[in-house]
Amino acid sequence: MDGVQNDGLLLVLSPDWIIRRASENAHKLIGRSHVQLVDEPLSKIFRADPLHSLRNQLGRLGGMPGTMRVYDTLLTDALDRYDVAMTSDERSVLFEAVPTQSDPGELLGSVGHVAARLDGVKPEKIYLEGARRLRALLGYDSVALVGIGGDCLGESLRGGLNDATCSTQPACSIDDHIVAVGDLEGPVVPVFPRLKDGQSAPFATLRVLGDEVSDTLLAEEVKAVLQIPVRVQGRVWGAFVCQHRRPRPLRLEEQAAAELYAQFFALHLQAAGKA
């Protein structure tokens, strides 16, 4: 589906940061029409400081594909503050911005402490404890650790839920990308210019799920989902599938914290001989 979630702004840039496409909610978020944004340099739209920081961070990737984030930043002279993610590949750069939801660093600063509680966990319990600790960190109703083949290896549920009411089905195929949908019933915002076929930004943070997957999750009373890949020695081993029974605002720091936790967890998997 060629559209994005209503929570934030998506801009598709050329390698030299000229805006080629823009989500059609731009006027609500930054006060500029999506039509006016196309073919403008990004530097004419936003303040120089956050763009300079992002450009420096992307430069550290050495031309390799990857995502960099900055938090709680002023993009324009308005008072609204945003968290920003930029993802680059050989053909384009994705610029995504969502409203800041909490004090920057609060969640990321807790990851090491939470992950440290995996120290000493018996190997036969590492899957379950991995899911429990991530649920404690993020506060989702359920967190399941799912293997690359789709098998549920361990699951942690909020009190009052049981296995019969929780789905461990991944939101999509398990690969190297995060899936984060804050409201499965939320509106889908088109990206201008609209494309007749396909999805222009299949790995955008703000991307939406297909109708069939969304309908399946909604039938199980899931309203929000976060799927974080677990990588072991450079390969995707599985994923944490987080689900919530109410919509949740998208938080880029939450995604970064979950990624960092997954890295710690992968080290514990290897140490326990369970990878």
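FYI, the numbering just counts along the sequence from 1.
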Keeping [X] on the side-chain end and [Y] on the backbone end, is there a donor-acceptor pair under 3.5 Å?
X: Arg69; Y: Ala85; result: no
X: Glu253; Y: Glu106; result: yes
X: Tyr261; Y: Val114; result: no
X: Arg32; Y: Leu37; result: no
X: Glu259; Y: Ile228; result: no

key: Minimum heavy-atom distance His177-Pro229, with the two atoms named   =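 Looking at all heavy atoms of both residues, the closest pair is O-CD, 3.8 Å.
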
request  = Mind listing the closest non-hydrogen atom pair of Ala224 and Leu184 along with its distance?
outcome  =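 Nearest pair, atom of Ala224 first, then Leu184: N-CD1, 4.3 Å.
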
Exercise answer: donor-acceptor pairs, residues 3-16 side-chain atoms, under 3.5 Å, sequence neighbours excluded:
from	atom 1	to	atom 2	distance (Å)
Gln5	OE1	Gly182	N	3.0
Gln5	NE2	Ala180	O	2.8
Gln5	NE2	Leu206	O	3.4
Gln5	NE2	Arg207	O	3.0
Ser14	OG	Asp16	OD1	2.3
Ser14	OG	Ile18	N	3.0

key: Cation-pi geometry met for Arg248 and Tyr140 (6.0 Å, 45°)   =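 Yes, Arg248 lies over the aromatic ring of Tyr140.
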
request  = Report the C-alpha separation of Met68 and Thr87 in whole Å, then their side-chain angles, then the decisive distance to 0.1 Å, and conclude whether the side chain to side chain contact (heavy atoms under 4.5 Å, CB included) test is met.
outcome  = CA-CA 7 Å; Met68 291 295 181; Thr87 304; over 6 Å; no

inquiry  = If only side-chain N and O atoms count, and only distance matters, is there a donor-acceptor pair under 3.5 Å linking Asn25 with His34?
reply    =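 There is no such pair (donor and acceptor under 3.5 Å, judged by atom type) between the side chains of His34 and Asn25.
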
Atom pair [atom1] ([X]) and [atom2] ([Y]), whose distance is rounded to the nearest 0.5 Å:
X: Trp17; Y: Phe46; atom1: CH2; atom2: CZ; answer: 11.0 Å
X: Leu42; Y: Phe95; atom1: CG; atom2: CZ; answer: 5.5 Å
X: Glu254; Y: Leu226; atom1: CD; atom2: CG; answer: 5.5 Å

inquiry  = Using a 6.0 Å cut-off, check whether atom CD of Glu212 has over 12 heavy atoms from anything other than its own residue.
reply    =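 Counting other residues, nucleotides and ligands, CD of Glu212 stays at 12 neighbours or fewer.
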
message = Can you tell me if Arg135 has over 12 outside heavy atoms packed within less than 6.0 Å of its CZ?
response =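 Yes, enclosed.
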
key: Identified side chain to side chain donor-acceptor pair (under 3.5 Å) partner of Asp83 from the options Thr205, Thr100, Thr73   =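 Answer to the side chain to side chain donor-acceptor pair (under 3.5 Å) test with Asp83 among Thr205, Thr100, Thr73: Thr100.
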
key: Pair listing, salt bridge (charged side-chain N to carboxylate O under 4.0 Å, His left out) test, anchored in residues 222-239, at least two apart   =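 Sorted pair list: Asp176-Arg231.
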
key: Trace of the salt bridge (Lys or Arg N to Asp or Glu O under 4.0 Å) decision for Glu129 with Arg117   = CA-CA 9 Å; Glu129 285 301 312; Arg117 295 187 177 183; over 6 Å; no

